Amino acid sequence: MAGKGEFIMENETMIEVNKLQKDFGGNAVLKDITEDVKKGEVICVIGPSGAGKSTFLRCLNLLEQPTGGQVMFKGTDLTTLDEKHVNELREKMGMVFQSFNLFPNMTVIENLKLAPVKVKHLSDDEATKVAKDLLDKVGLAEKADAYPTSLSGGQQQRVAIARALAMNPEVMLFDEPTSALDPEMVGEVLKVMQDLANDGMTMVVVTHEMGFAKSVADKIWFMADGYIQESAQPDEFFNNPKTDRAKDFLEKVL
Ligand code: ADP
Ligand code: MG
């Protein structure tokens, strides 16, 4: 019976996207997207450049205002909220970009403490503890007092992930987090993301790392031409893509 309770919890919907559309001055980038993300799920969004992947991710936390449709986060339609309430919900969705965007004039630990102190009003001691735990988790405890520019790209991206986690988000959104890294640093960042997935974090990851998508994703969303053309488990998607668009894409990247 305990198993049944867990099963229900695992199926709780975190994000629900309904008929999402986004135009930029008449250019229809997202045409009609309806999907959902369950608690604890790892979704990898893949597809060609210009498909609308970044726009889609940015619509999930309303960094972009959708032109049509709904984005529900735990049952609340974000598109109907005022800025203050959007900000409150946005705190529950951590985001990590291709460019790490760390504050260069602050040490690593100051980067991690800033939002928890300013936005969540944690005490300095509390924020320090959270930050140290997270730096430990991403393998950078000894870099707490370093400045971002003294770190490698892989280390900076791990700090950026830790900084997003410092707000204790319920969902993590990643937009090509390893695309700007030298090849030898990709693995250390993917490892941190894999650990996070193993811990049960709900994640939506735009990535070109097909190995990661195959081994870590619960589901692949293949996006092209403003639609999610295929939504399938990795085995199914990679071994038996249904659309010509996906077959063509996989031929090029695999
Ligand atoms: P992807 O991340 O899949 O490469 P994007 O979401 O970045 O795709 O872009 C999809 C399309 O939307 C592109 O044609 C891009 O030029 C357009 N686009 C993205 N952001 C903007 C913007 N702020 N203003 C105008 N057009 C945009
Ligand atoms: Mg993009």
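Nothing here was measured: the structure is a model prediction, and the numbers come from that model. When a ligand or atom number is given, it counts from 1 through the structure's own listing order.
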For this session: Decide yes or no for M223 and L30: does some side-chain heavy atom of the first lie under 4.5 Å from some side-chain heavy atom of the second?
Result: yes

For this session: Can you spot which of K74, E170, E12 makes a side chain to side chain contact (heavy atoms under 4.5 Å, CB included) with K39?
Result: E12

For this session: Using a strict cut-off of 4.0 Å, indicate which atoms of ligand 1 neighbour a heavy atom of G52.
Result: 1 (P), 3 (O), 5 (P), 6 (O), 8 (O), 10 (C)

For this session: State, without any angle test, whether S123 and E126 hold a side-chain donor-acceptor pair at a distance under 3.5 Å.
Result: yes

Exercise. How close does the nearest protein non-hydrogen atom get to atom 16 (O) of ligand 1, and which residue and atom is it?
Worked result: N27 ND2, 5.0 Å

Problem set entry | Around the Mg ion (ligand 2), number of protein N/O/S atoms which are nearer than 2.8 Å | 1

Exercise. Would atom 2 (O) of ligand 1 count as contacted, meaning some protein heavy atom under 4.0 Å?
Worked result: yes

For this session: Output yes when the distance from some N or O of ligand 1 to some N or O of A51 is under 3.5 Å, and no in every other case.
Result: yes

Exercise. Once you round to the nearest 0.5 Å, how far does OG1 of T149 lie from CG of L151?
Worked result: 7.5 Å

Exercise. Which residue and non-hydrogen atom of the protein lie closest to atom 4 (O) of ligand 1, and at what distance in Å?
Worked result: G50 N, 2.7 Å

Seminar exercise, completed: By salt bridge (Lys or Arg N to Asp or Glu O under 4.0 Å), K191 pairs with (sequence neighbours left out) D195

Exercise. Are any of the N or O atoms of F56 closer than 3.5 Å to those of ligand 1?
Worked result: no

Seminar exercise, completed: In this structure, atom 12 (O) of ligand 1 is nearest to the protein heavy atom V29 CG2, 3.1 Å

Seminar exercise, completed: Hits for side-chain contact (heavy atoms from CB on, under 4.5 Å) against N239, two or more places apart or cross-chain, chain-then-number order -> D235

Exercise. Who's the nearest protein heavy-atom neighbour of atom 7 (O) of ligand 1, and how far?
Worked result: S54 CB, 3.7 Å

Exercise. Of the protein's non-hydrogen atoms, which lies at the shortest distance from atom 24 (N) of ligand 1, and what is that distance?
Worked result: F24 CD2, 3.3 Å

Exercise. Is the shortest distance from atom 21 (C) of ligand 1 to a protein heavy atom below 4.0 Å?
Worked result: yes

For this session: Considering only NZ, NE, NH1 and NH2 on the basic side and carboxylate oxygens on the acidic side, decide whether K247 and E251 come within less than 4.0 Å.
Result: no

Problem set entry | Reported CE-to-CZ distance for the pair M106 and R163, which is rounded to 0.5 angstrom | 9.0 Å

Problem set entry | ligand 1 atoms in contact with T55 (distance to a heavy atom under 4.0 Å) | 5 (P), 6 (O), 9 (O), 19 (C)

Just distance, no hydrogens or angles: give the donor-acceptor pairs under 3.5 Å from side chains in residues 211-220, sequence neighbours left out.
| from | atom 1 | to | atom 2 | distance (Å) |
| --- | --- | --- | --- | --- |
| S215 | OG | G211 | O | 3.0 |
| D218 | OD2 | V42 | N | 2.8 |

Exercise. What is the distance from atom CD of E188 to atom OG of S152, rounded to the nearest 0.5 Å?
Worked result: 5.0 Å

Problem set entry | Donor-acceptor contact present, side-chain N61 to main-chain L63, <3.5 Å | yes

